[in-house]
Amino acid sequence: MVEIWAHRGCSYRYPENTLSAFGEACRYEITGIELDIQLSRDRELVVIHDEKVDRTTDGSGCVKDMMLRELKRLRIRPNEQVSKIYETIPTMREALALLAPVCRRDGLLINIELKNSVVRYEGMEQLILELVAEYGLEPYIVYSSFNPDSIRLLQELKPDARVGILADSVSKCLAFARQVPVEAIHPYIKAEDMALLTQEESADILGQGTRVRAWNVRTWEPFFPEEREIEIQDPGRLKEAGITDIFTNTPESYVPLKKAPAKRIILEKGRSIQEETGYMQDAGEECRASGRFCHVFPWDILRADEETEYRIFRYSTEIKGELIHTYCYEPEQNWASYVREPEVWRTEDYTFDAECYARITARQKLHIETVGEGNNIAWNPCVFLESSHEPTVKWENYFQAETLLTVEKVWELMGENDLAFAVITDTHYVNNGTWERSAYNLWQVATRLPLSGVIHLGDLTDGILPLAQTRESVERVMEGMERTGKPVWLCCGNHDSNYFRGNPEKMTEQEMSAYYLGREKPYYFADYPAQRLRVLYLHSFDYREQVRYGFPQEELDWVRETMENLADGWRVLVCAHVPPLPQIHYWSDQIRNGEALLQILEEYHRQGKKVLAYVHGHNHGEQIYRERLFPIVSLGCNKMEDFKREKPEGSWTYDRQQGTVTEDLWDVMVVHTDCAGIDFVRFGAGEDRHVDCG
């Protein structure tokens, strides 16, 4: 069978070379996606086919003459049937961030065409090789170009790279393949010399295993928003003609939607679920239960093996108001509401008729008939969930409007040399919570702005669950941020040590550093030389200390050394989870070494190494404290929570409500490196703030 590649994504129904076109293509049983890269004036790899932006955007001019921030301000015409909101030219980093999980999960290949035959783009080959290596995607990448010199250079730089030569005739492809071994040739399918493919001489040149990927497979290959009639090729005839793969704008015409593999439900031995509450509990060795919640949809099916019978415990998607409006950490990090039902043990397949969350308990069928005879000793129950539903986020109109408003505000505020970061704090991931919607909003904003990174100020989860489940929650939060393709900077919060409510599976400072940060220490910095800015990320909690909130002496010594070694004229921004002073911290009357930390920062501030601000989370409230030489800024929590009590004097909390834009809360922080201050542009609940750093 001929292999199918999505040419610039699903580019008949979606704007070509956009993240929406790539995302749609990933829903189908394709072999790979083809896309095109060029270089901006500031040497950012961007995904666009033409050397000019005129055809696909509302702008004009050459890609090579425009900075990334200029390219990001251009709008690609929207697909009105899918969304009225515009897209922007993706960076290659954004495209890889989107596609990398699909590559690893499904084996998806990416054909990266280097558009360097009109504009040479010196150094493009090295840049793309380095970026692919950064994502660890080398096994999934094919490089191609109309420029033979570029193909040669790619092979010199990376001899094991998979490369294909592009040409408008088979003879040109063969001539190059005769000189330089390639993984594939990519000829124009309607070339007059297409018959050469079936000749014996061509087979000798190509050798066994060389792919023939043909492009422009239709009489007319229309791109969105064209509506001309399309022509479906006969894959069998293409195969007979010597073609192994085709690049097509309509891959959905050739292959079906993917079917999700059946998911085996993890059942914990010696555990069951309480009938009255729906909570997990310890039980006898013969019991099995799933601690994790399965999100199920209509027509999803549960199946068990022949020796197993199972019972379903159901939880609705309703969120109880007390979880939002009071200081309340749900014991199992679950915001779905338990629905008590009659006890029914099942052996046959069960089909769900409504969206809900489910847990399963299982027992051995023979155990009922032969109690005490030990028939369940070697029993290994298998219960599977089969789903045809692909998890998606419904992007509500109010979030779409907030996205455009946020983006426009940031563009109005950003100067040419300013930096912008998305800043999030206190996600406290829970089942049936709002993080997935927050992550989608973050991604949509990030693709429209030249963000320098995503900063998370800590408390990714509640830190209540067994460590294995906590790590699964952490991965969901991190994946949501990493999807933006921007660097992610994290301060570890107190809940991130997994200590909350006497949890026995805690993480030490060293374990947190290795797991969350991939570093030896939980404090570090990032520099921005063009703006002469250093951002410090501090650690502010240790459950083993008598005064848990605060900073170890070792960290203070590091801060002093870091400030001492900082070049004159540089500025500093400090990020942490916990505030440095007890008067702006409700939960304790001491902050270990907090005053000493501020004195170090203020000492160097007076010397001209200006501290712009100290930005933190943890309080689940908003505050700008101005009683020191620089402002101390508290940001509200991302978790949909608005309890008003347990707050330091001078802080405030915004109301949150389901079904409105206030479900979400985070900021785009614009750092004005000319000392004009910092702007916090609020997404969701709350208001924008300008912080004077003078």
Side-chain angles (χ1 to χ4, degrees), residues 266 268 271-282 289-296 312-341 355-361 424-439 458-477 480 493-506 543 587 617-621 636-647 653 655-659 662-665 685:
I266 298 174
E268 302 172 31
R271 302 279 281 168
S272 65
I273 298 175
Q274 295 178 10
E275 176 74 29
E276 296 79 14
T277 65
Y279 288 140
M280 293 285 287
Q281 64 181 355
D282 291 331
S290 59
R292 293 151 175 88
F293 294 88
C294 296
H295 195 181
V296 297
I312 300 169
F313 288 78
R314 195 183 305 261
Y315 306 76
S316 78
T317 56
E318 177 188 355
I319 299 176
K320 296 176 182 177
E322 61 265 27
L323 296 174
I324 303 171
H325 305 301
T326 62
Y327 177 62
C328 179
Y329 290 96
E330 208 282 336
E332 295 184 334
Q333 289 185 194
N334 172 39
W335 276 25
S337 300
Y338 175 55
V339 180
R340 187 171 179 180
E341 297 177 330
E355 180 184 2
C356 66
Y357 292 88
R359 279 170 154 175
I360 308 300
T361 56
I424 309 167
T425 188
D426 296 275
T427 298
H428 289 274
Y429 184 90
V430 293
N431 180 61
N432 196 40
T434 56
W435 169 248
E436 283 75 14
R437 293 193 283 284
S438 288
D459 282 1
L460 279 71
T461 75
D462 288 347
I464 292 173
L465 299 178
L467 189 54
Q469 293 183 46
T470 290
R471 289 186 168 180
E472 291 171 6
S473 299
V474 168
E475 287 172 6
R476 293 187 184 101
V477 179
N494 53 311
H495 287 258
D496 293 323
S497 58
N498 216 44
Y499 86 105
F500 205 67
R501 290 191 173 167
N503 193 338
E505 298 188 25
K506 303 177 181 69
Y543 66 83
W587 300 105
H618 181 66
N619 285 350
H620 294 211
C637 64
N638 172 249
K639 184 181 182 182
M640 187 176 59
E641 172 190 87
D642 63 5
F643 67 90
K644 312 291 176 142
R645 299 173 57 186
E646 294 90 15
K647 292 290 187 293
T653 303
D655 293 337
R656 313 290 289 274
Q657 183 179 347
Q658 273 188 282
T662 65
E663 282 186 353
D664 205 356
L665 189 161

Does the side-chain contact (heavy atoms from CB on, under 4.5 Å) test come out yes or no for R271 and T361, once each step is laid out?
CA-CA 8 Å; R271 302 279 281 168; T361 56; over 6 Å; no

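- With 3.5 Å as the limit, one finds a donor-acceptor pair spanning the side chains of H325 and D642.
- What you find for F643 and R645 is that their closest heavy atoms are CD1-O, 3.1 Å.
- The pair R476-E436 fails the salt-bridge criterion, with no side-chain N (NZ, NE, NH1 or NH2) lying under 4.0 Å from an Asp/Glu carboxylate O.
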T470 and N498: CA distance, side-chain angles, deciding distance, side chain to side chain donor-acceptor pair (under 3.5 Å) verdict
CA-CA 8 Å; T470 290; N498 216 44; 2.7 Å; yes

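- Summarising the geometry, atom CD1 belonging to I266 is positioned 4.0 Å from atom CZ belonging to R292; distances are rounded to the nearest 0.5 Å.
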Verdict with reasoning, I273 to Q281, per side-chain contact (heavy atoms from CB on, under 4.5 Å)
CA-CA 6 Å; I273 298 175; Q281 64 181 355; over 6 Å; no

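- Under a 4.0 Å N-O distance rule, the pair R359/E332 qualifies as a salt bridge.
- To the nearest 0.5 Å, atoms OG1 (T461) and CD (E475) are separated by 12.0 Å.
- Residues A289 and S272 come closest through the heavy atom pair CB-CA, 3.7 Å.
- Panel note: side chain Q333, backbone Y429; a donor-acceptor pair is recorded below 3.5 Å.
- By the 30° and 60° cut-offs, the orientation of the rings of H620 relative to Y329 is perpendicular.
- In this structure, the side chain of D496 engages the main chain of L460 through a donor-acceptor pair within 3.5 Å.
- Side-chain N or O atoms of S290 include one that pairs as donor or acceptor with a backbone N or O of I360 at under 3.5 Å.
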Output, in order, the C-alpha distance, side-chain angles, deciding distance and verdict of side-chain contact (heavy atoms from CB on, under 4.5 Å) for E355 and V296.
CA-CA 6 Å; E355 180 184 2; V296 297; over 6 Å; no

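- Panel note: side chain E641, backbone C637; no donor-acceptor pair is recorded below 3.5 Å.
- By the neighbour-count criterion of 12 heavy atoms within 6.0 Å, atom NZ of K320 is sparsely surrounded, having that number or fewer from other residues, nucleotides or ligands.
- Side-chain N/O atoms of T434 and E663 include no donor and acceptor closer than 3.5 Å.
- Atom-to-atom distance recorded for E322:CD and Y327:OH is 16.0 Å, nearest 0.5 angstrom.
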Apply side-chain contact (heavy atoms from CB on, under 4.5 Å) to residues D462 and K639 and explain how you reach the verdict.
CA-CA 11 Å; D462 288 347; K639 184 181 182 182; 3.8 Å; yes

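- Judged by distance alone, the side chain of N638 and the main-chain N or O of I424 form no donor-acceptor pair under 3.5 Å.
- Aromatic ring orientation, F500 versus H495: tilted (interplanar angle from 30° to 60°).
- Judged by distance alone, the side chain of K644 and the main-chain N or O of T653 form a donor-acceptor pair under 3.5 Å.
- Each of Y357, W335, F293 was compared with Y315 under the ring-ring contact (aromatic ring centres under 6.0 Å, His included) criterion, and only F293 meets it.
- At distances below 3.5 Å, at least one donor-acceptor pair connects side-chain atoms of N503 with backbone N or O atoms of E505.
- In this structure, the separation between CG on N432 and OG on S316 is 7.5 Å, given to the nearest 0.5 Å.
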For the pair S337 and E318, evaluate side chain to side chain donor-acceptor pair (under 3.5 Å) and give the outcome as yes or no after the intermediate values.
CA-CA 6 Å; S337 300; E318 177 188 355; 4.6 Å; no

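- The shortest non-hydrogen separation linking L323 to C328 is CD2-SG, 3.7 Å.
- Considering CD1 of I324 and CG of D655, their distance stands at 11.5 Å, rounded to 0.5 Å.
- Here D664 does not pair with R656 in a salt bridge; the nearest charged N to carboxylate O distance is not below 4.0 Å.
- E330 contributes a side-chain N or O that, together with a main-chain N or O of N334, makes up a donor-acceptor pair within less than 3.5 Å.
- At distances below 3.5 Å, not a single donor-acceptor pair connects side-chain atoms of K506 with backbone N or O atoms of G502.
- Side-chain N or O atoms of D459 include none that pairs as donor or acceptor with a backbone N or O of H428 at under 3.5 Å.
- Taken to the nearest 0.5 Å, the OG1 atom of T277 stands 9.5 Å off from the CZ atom of F313.
- Residue R501 places its CZ atom among more than 12 non-hydrogen atoms of other residues, nucleotides or ligands, all under 6.0 Å distant.
- One finds a salt bridge joining E341 and R314 here, because a Lys/Arg side-chain nitrogen approaches an Asp/Glu carboxylate oxygen to under 4.0 Å.
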